[in-house]
Peer 1: 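Got a structure for you, written out below as structure tokens; questions coming shortly.
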Protein chains: 2
Amino acid sequence: MNIGIASKKSGLPSKTIRYYEDIELLKPARAENGYRDYSLEDVHSLTFLQRARNLGFTVEECRLLLSLYNDKNRSSSEVKSLALHKVATIEKKIAELSAMKKMLTSLAKNCHGDNRPDCPILDEIAGETEKV
Amino acid sequence: MNIGIASKKSGLPSKTIRYYEDIELLKPARAENGYRDYSLEDVHSLTFLQRARNLGFTVEECRLLLSLYNDKNRSSSEVKSLALHKVATIEKKIAELSAMKKMLTSLAKNCHGDNRPDCPILDEIAGETEKV
DNA sequence: ATTGACCTTCCATCTACTGGAAGCTTTATT
DNA sequence: AATAAAGCTTCCAGTAGATGGAAGGTCAAT
């Protein structure tokens with residue numbers, strides 16, 4: 001299939017897909033007319049990339065994750081440990097996001113449009129940063 | 001305090017702190033000798049920036065969040081709605097990360113180092129991407 | 001007084017795209 | 001059949017958000 005369809009299916013802009021080819025993340029077949037020709041498998045990889053990038057993995061990390069994702073044999077324990085390491089990273093990120101969510105929610109709650117000079121949340125954060 | 005201390009307290013590299021000054025996110029006072037002089041409040045803002053950037057907010061979003069964070073009066077309901085909007089974004093991101101974590105965990109679990117040709121997770125993902 | 005750590009500015013480089021020009025191919029419309 | 005619009009190609013430039021290094025000033029300790 002052409003790049004436009006692959007783009008819609010994967011959620012990645014065509015530009016980005018071409019860029020990923022440039023940096024050798026994913027090399028599609030070429031049709032007779034020179035157009036890129038994406039297989040369903042390619043689209044799955046692109047979708048995987050879209051998600052992984054969106055979740056904050058670097059392109060180089062994606063390259064490794066993709067090899068885990070694509071390797072039918074999955075014989076490398078090295079790649080397995082990368083995956084587990086990333087799981088830990090994700091857990092940490094989830095925890096941070098939860099903290100951020102809590103903080104923003106509190107900040108918004110205290111934002112009534114009137115003048116309230118003191119803010120317990122600020123004080124709390126201030127207290128946390130003292131250690132060093 | 002000097003930039004090195006502010007860096008350690010906030011978790012941001014000095015380079016990045018100077019860059020944030022360049023783009024007018026945070027303007028510290030200057031000591032007599034020309035050195036940047038950060039207050040505790042500055043450090044709290046820097047820590048806030050460190051977290052927010054780490055969680056995927058753009059610098060421009062950070063600029064707004066920071067104004068919410070720093071505005072003692074918090075009188076703007078516009079900024080409040082931004083915060084609530086961001087809370088929704090965070091929730092979505094948490095959901096995505098959870099999905100990614102689940103996926104990576106499954107992938108890792110099926111990675112024994114031996115040869116297993118079929119992978120139920122891959123099939124599952126493949127099934128999901130068919131729609132379009 | 002000099003060594004080393006720390007600070008300054010400035011300019012170059014990097015990652016990961018994104019936009020646009022110039023031009024070929026395919027599809028739809030007249 | 002002709003033409004216009006849509007979609008593809010490559011190539012080159014620009015963006016965001018840092019990051020690295022040079023050249024040089026400052027400060028604290030030996």
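In the text below, chain A, chain B and the rest are named by the order of the sequence lines, each starting its count at 1. Only a predicted model underlies this, so the values are computations on that prediction, with no experimental measurement involved.
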Peer 1: Determine yes or no for a side-chain-to-main-chain donor-acceptor pair under 3.5 angstrom, with Ser10(A) supplying the side chain and Ala6(A) the backbone.
Peer 2: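 Yes, because the side chain of Ser10(A) sits within donor-acceptor range (under 3.5 Å) of the backbone of Ala6(A).
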
Peer 1: Test of understanding: with side chain to side chain donor-acceptor pair (under 3.5 Å), list the residues that count as partners of Arg63(B), not counting sequence neighbours.
Peer 2: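 For Arg63(B) the side chain to side chain donor-acceptor pair (under 3.5 Å) partners, ignoring immediate neighbours, are Glu60(B).
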
Peer 1: Can you find a side chain N or O atom of Arg18(B) that sits less than 4.0 Å from OP1 or OP2 on dA18(D)?
Peer 2: no

Peer 1: Which residues pass the side chain to side chain donor-acceptor pair (under 3.5 Å) test with Thr16(A), not counting sequence neighbours?
Peer 2: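 For Thr16(A), no residue satisfies side chain to side chain donor-acceptor pair (under 3.5 Å) once neighbours in sequence are set aside.
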
Peer 1: Between Glu60(A) and Gly4(B), which residue's closest nucleotide on DNA chain C lies nearer the 5′ terminus?
Peer 2: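 With Gly4(B) and Glu60(A) compared, the 5'-side residue is Gly4(B).
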
Peer 1: To the nearest Å, give me how far apart CD (Glu21(A)) and P (dC11(D)) are.
Peer 2: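 Taking atom P of dC11(D) as the reference, CD of Glu21(A) is at 12 Å.
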
Peer 1: Tell me which residues in residues 25-38 of chain B lie within less than 4.0 Å of DNA chain D, going by non-hydrogen atoms.
Peer 2: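 Contacts with DNA chain D under 4.0 Å: Asn33(B), Tyr35(B).
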
Peer 1: Please list all pairs meeting salt bridge (Lys or Arg N to Asp or Glu O under 4.0 Å) that have one or both residues in residues 88-98 of chain B, counting only residues at least two apart or in different chains.
Peer 2: Lys101(A)-Glu91(B)

Peer 1: Enumerate donor-acceptor pairs with a distance under 3.5 Å from any side-chain N or O in residues 27-37 of chain B to protein atoms, sequence neighbours excluded.
Peer 2:
unit_1, atom_1, unit_2, atom_2, d
Arg30(B), NH1, Gly34(B), O, 2.9
Arg30(B), NH2, Glu21(B), OE2, 3.1
Asn33(B), OD1, Tyr35(B), N, 2.9
Arg36(B), NE, Glu21(B), OE1, 2.4
Asp37(B), OD1, Met1(B), N, 2.5

Peer 1: Are Thr47(B) and Arg51(B) close enough that some pair of their side-chain heavy atoms sits under 4.5 Å apart?
Peer 2: yes

Peer 1: Please identify each residue that fulfils side chain to side chain donor-acceptor pair (under 3.5 Å) with Ser14(A), with sequence neighbours left out.
Peer 2: none

Peer 1: Take the protein atom CD1 of Ile23(A) and the nucleotide atom C1' of dA16(C), then report the distance between them rounded to whole Å.
Peer 2: 8 Å

Peer 1: Mind checking side chain to side chain donor-acceptor pair (under 3.5 Å) for Ser39(A) and listing every partner two or more places apart, or none if nothing turns up?
Peer 2: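 Partners of Ser39(A) under the side chain to side chain donor-acceptor pair (under 3.5 Å) test: Asp42(A).
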
Peer 1: Below 3.5 Å between N/O atoms, which protein atoms pair up with nucleotides 19-22 of chain D? Just atom names and distances, please.
Peer 2:
unit_1, atom_1, unit_2, atom_2, d
dT19(D), OP2, Thr16(B), OG1, 3.0
dG20(D), N7, Lys15(B), NZ, 3.0
dG20(D), O6, Lys15(B), NZ, 3.2
dG21(D), N7, Lys15(B), NZ, 3.4
dG21(D), O6, Lys15(B), NZ, 2.1

Peer 1: Describe, as an angle rounded to 10 degrees, how the axis at the first end of the helix from dA16(C)-dT15(D) to dT30(C)-dA1(D) is tilted relative to the axis at the last end, five pairs per end.
Peer 2: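 Here the helix ends are tilted 20° relative to one another.
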
Peer 1: Under 4.0 angstrom, heavy atoms only, what part of the nucleic acid is Thr58(B) near: base, sugar-phosphate, or nothing?
Peer 2: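 Sugar-phosphate: the residue Thr58(B), judged by heavy atoms under 4.0 Å, touches backbone atoms but no base.
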
Peer 1: Report yes if some heavy atom in the side chain of Leu25(B) is under 4.5 Å from a heavy atom in the side chain of Tyr19(B); otherwise report no.
Peer 2: no

Peer 1: Mind checking Tyr20(A) for me? I need base, sugar-phosphate or nothing, with any heavy atom below 4.0 Å counting as a touch.
Peer 2: sugar-phosphate

Peer 1: The criterion is side-chain contact (heavy atoms from CB on, under 4.5 Å); which residues satisfy it with Ser45(B), sequence neighbours excluded?
Peer 2: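 Testing Ser45(B) for side-chain contact (heavy atoms from CB on, under 4.5 Å), a comparison that skips the adjacent residues, returns Leu26(B), Leu66(B), Tyr69(B), Asn70(B).
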
